[in-house]
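Here the structure comes first, spelled out in structure tokens, and everything after it is commentary.
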2 protein chains.
Amino acid sequence: MTSPSGKASIKDVARAAGVSIASVSRAMNAGTGGVSAATRAKVEKAAAELNYSPSWVGQALRGQTNDTYAMIISSIQNNFFSAVAWEIERRLNDQGAAMLLFNSNEDPALQDRCLREVTSRQVAGVFLLCAVDSPGLTVLAKHTSVLFINRRVDSMPDIPFVGIDDRSAATEVARAVLREKPDRIGLIHGPQRSATSRVRLEGFLSAFAAGGRPMQPADMVEAELSMESGYDAARRLFNEGNFDALVCGNDQIAYGAYRRCREIGLTIPGDAAIYGFDDNPLNQWLAPWLNTVSVPHIRFAEEAVQGMAMLIDGKRPQDAILPYDLLLRR
Amino acid sequence: MTSPSGKASIKDVARAAGVSIASVSRAMNAGTGGVSAATRAKVEKAAAELNYSPSWVGQALRGQTNDTYAMIISSIQNNFFSAVAWEIERRLNDQGAAMLLFNSNEDPALQDRCLREVTSRQVAGVFLLCAVDSPGLTVLAKHTSVLFINRRVDSMPDIPFVGIDDRSAATEVARAVLREKPDRIGLIHGPQRSATSRVRLEGFLSAFAAGGRPMQPADMVEAELSMESGYDAARRLFNEGNFDALVCGNDQIAYGAYRRCREIGLTIPGDAAIYGFDDNPLNQWLAPWLNTVSVPHIRFAEEAVQGMAMLIDGKRPQDAILPYDLLLRR
DNA sequence: CTGAAAGCGCTTACAG
DNA sequence: CTGAAAGCGCTTACAG
């Protein structure tokens, strides 16, 4: 009955059960040393009455707990990212661990703030879903298990990576575009600060060139990985003329471009074909017209959780370059 | 140069700077007692060299830190929910606080696990975006600041709430439907375990009855708040006949119904009008055909953060029932 | 201004 | 099996 308002501590339980705090700890944990049945019963009764659960903070300080991971995601608004995050969280939960989720918003300063938060919380490992290069990241990687998902930071080749071969996927997209023999191809690529966007762009450009249709600078424009930015980019592009094939750096950009197409009266996919990247889980519901690259987000989660376990064990997992599928809708 | 691999502690900094740990603490914190310029300089130099940042765990155990909040969200896959979560996180970040995000997946057992996680981490307060009723919730509310967003738990009327008047909004939706004089109206409502879904259903039913078109049981079906479930529900509904107006419990359900409509060859909004609820941020990009209730998610975030601040201060904020907008697309 | 010390909640060698 | 004690990283009265 002690401290009816505040949260009960191990001391309260010990007092109520008439045993030492050491016995309470032993009874609560499978760990070192057993306790007699009588002690266990007393402790369990007291714990139940006081609604006691051990303080994670106390445990963490003691240095034993290592069951918390952090996920830094560039944008929670992107359903592809949030699907990966959720699949990872589910798996961690299943093994009794917890995940803290932070948004970096593609901003190095904000990412560093997240990382500081993460560091001070002594997490066991950090998943970075679309990292940006930032000073704090280099420091973090020195004393924490870190894993890149979907995007790596070029200056940190030692950090394990889970993703696809974006260059080859982009090449395949470009070839599929060429097979349709469009009159004019527009390209809205992602920000070149992102290694993934950069590699995708290389794939697009080289395949178009190889197919005898090198991209014209006037037909290309850069966008952030958002619907808003894709919309703006499409607006600029269509000011230059008409396009019947629009190749986009990811699905979010494609959604934005789609809206602009509608506004200027184009029917999709009748008047123009739009190509994205990721296969956002929304597509099957809301964007059946979108051609895209199906990135295996469930396998991303599996590989990431597995790779992290290896890292925690002190081993360096292989980079996982997973298979993708080209999804052409017609 | 101590412990080059592990994270530097306050002791390492004190040793490197040649001062006591108390002085390090004072130099790092604005709090009690200043330090001389000389001491501060030494500490800052040492801290920078060792890349020291105070351990949140140590601070939390000491009982001072209270800058962490938790958000329990029912599904990260719903863009409306994730938009609210992100707006709240941004605001907390701006005031130097952090937010931990957990998924309950509408599962009481999983929600309780999240809550246990939350409790043991000594968070300052918990935002519940679409809570379910669970034993742990009642306990948590006794010693932690808790706030409901978008959905309340009926058995806990004392917990502050941020939301809209769902009954009245549903009534307006139903009236708008009737104005179009559809041949046959189908209704796919949300799960009745959710107070919000229940109240919306009441609004729909009473307005239809008042308008002289009481709903027939065969024209109604219940769904979970997901696209998958909305799709299934629509399939069942269309097995019963044809509908040219489909009223859905939320936008996710509406997306699922939309897919089913496409599959059976219906043009939206030509052959049938679909009505949702929430105005998911995606709509403007991907679902311009959807009629819906625009729920002010930014204001949800503002009110929630403000209300939480009051709770922390020991005051009980008023429930915030915010204005909504009917969005009719034609 | 500064340092030694207490104490937050825990776990685990160490004695008994 | 059990308890007293040390110590994880911090902050803050308490002396000086």
Side-chain angles (χ1 to χ4, degrees), chain A residues 2-3 6-44 46-47 50-68 116 119-124 143, chain B residues 2-3 6-44 46-47 50-68 116 119-124 143:
Chain A
T2 39
S3 59
K7 191 178 163 333
S9 81
I10 195 170
K11 275 189 186 173
D12 301 319
V13 179
R15 197 176 312 131
V19 299
S20 71
I21 62 164
S23 289
V24 175
S25 175
R26 289 190 190 105
M28 301 292 297
N29 295 288
T32 338
V35 287
S36 68
T39 302
R40 175 175 305 278
K42 282 190 288 187
V43 169
E44 278 172 357
L50 296 172
N51 193 255
Y52 169 71
S53 68
S55 158
W56 179 88
V57 177
Q59 297 185 141
L61 187 52
R62 190 59 229 282
Q64 285 316 112
T65 317
N66 237 2
D67 62 348
T68 305
R116 222 169 307 135
T119 304
S120 76
R121 270 162 217 279
Q122 297 192 176
V123 302
H143 54 75
Chain B
T2 39
S3 58
K7 192 177 165 328
S9 83
I10 196 172
K11 276 188 183 173
D12 300 319
V13 179
R15 198 175 312 130
V19 299
S20 73
I21 61 164
S23 289
V24 174
S25 176
R26 290 190 189 104
M28 300 293 296
N29 296 288
T32 340
V35 287
S36 69
T39 300
R40 175 174 304 279
K42 281 190 288 187
V43 170
E44 279 172 357
L50 297 173
N51 193 256
Y52 171 71
S53 69
S55 156
W56 178 89
V57 177
Q59 295 184 143
L61 187 52
R62 191 60 227 283
Q64 286 316 114
T65 317
N66 237 2
D67 62 347
T68 303
R116 221 169 309 134
T119 305
S120 76
R121 272 160 216 281
Q122 294 192 178
V123 302
H143 52 75

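Lettering follows sequence order; numbering is per chain, from 1. Every heavy atom of this structure was used, including side-chain atoms; hydrogens, water molecules and symmetry mates were not.
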### Query
How close or far is atom P of dC8(D) from atom CG of Asp12(B), stated in whole angstroms?
11 Å
### Query
In Å, rounded to the nearest 0.5 Å, how long is the span from OG1 of Thr39(B) to CD of Glu44(B)?
11.0 Å
### Query
Within the pair Ser20(A) and dG3(D), is there a side-chain N or O less than 4.0 Å away from OP1 or OP2?
yes
### Query
Quick one: OG on Ser23(B) to NZ on Lys42(B), what's the gap to the nearest 0.5 Å?
8.5 Å
### Query
Expressed in angstrom and rounded to an integer, what is the separation of Asn29(A) atom CG from dC10(C) atom P?
10 Å
### Query
Taking CD from Gln122(A) and P from dG9(D), how many angstroms apart are they, rounded to a whole number?
8 Å
### Query
Rounding to a whole Å, what distance do you find between Leu61(A):CG and dA6(C):C1'?
15 Å
### Message
Whole angstroms only, please: what is the CZ-C1' distance between Arg40(A) and dC1(D)?
### Response
12 Å
### Query
What integer distance in Å separates Arg121(B):CZ from dG9(C):P?
17 Å
### Query
Is the shortest heavy-atom distance from the side chain of Val43(B) to the side chain of Val19(B) under 4.5 Å?
yes
### Query
Would you say the side-chain atoms of Arg26(A) pair up with the backbone N or O of Gly34(A), donor to acceptor, closer than 3.5 Å?
no
### Message
Just verifying a value: how many Å separate Leu61(B) CG and Gln122(B) CD, rounded to the nearest 0.5 Å?
### Response
7.0 Å
### Message
So Ser25(B), base contact, sugar-phosphate only, or nothing? Heavy-atom distance under 4.0 Å.
### Response
base
### Query
From the list dC14(D), dC1(D), dA5(C), which nucleotide is the closest neighbour of the side chain of Ser36(A)?
dC1(D)
### Summary
Residue pair Ser23(A)/Ser55(B) against DNA chain D: nearer the 5' end by closest nucleotide is Ser23(A)
### Summary
Rounded to whole Å, CD1 of Ile10(A) lies from P of dG7(D) at a distance of 19 Å
### Query
Looking at OG1 of Thr68(A) and CZ of Arg121(B), how far apart are the two atoms once the value is rounded to the nearest 0.5 Å?
3.5 Å
### Closest approach of Ile10(A) to Ile21(A) (non-hydrogen atoms, all atoms of both residues)
CD1-O, 3.5 Å
### Query
Of the nucleotides dC10(C), dG3(C), dG9(D), which one has an atom closest to the side chain of Tyr52(A)?
dC10(C)
### Message
Side-chain N or O of Lys11(A) versus OP1/OP2 of dC8(C): is the shortest distance under 4.0 Å?
### Response
yes
### Query
What is the distance, rounded to the nearest whole Å, between atom CD1 of Ile21(A) and atom P of dG7(D)?
15 Å
### Helical stems, DNA chain D - three or more consecutive Watson-Crick or G-U wobble pairs below 3.5 Å
C:1-3 with D:14-16, C:5-12 with D:5-12, C:14-16 with D:1-3
### Task
For the side chain of Gln59(A), starting at C-beta, report the closest nucleotide among dT2(C), dC10(C), dC8(D).
dC10(C)
## Note on the structure
Closest of dG9(D), dT12(C), dT12(D) to the Ala22(B) side chain is dT12(D)
### Query
With respect to the phosphate group of dT2(C), does any side-chain polar atom (N or O) of Thr39(B) fall under 4.0 Å of OP1 or OP2?
yes
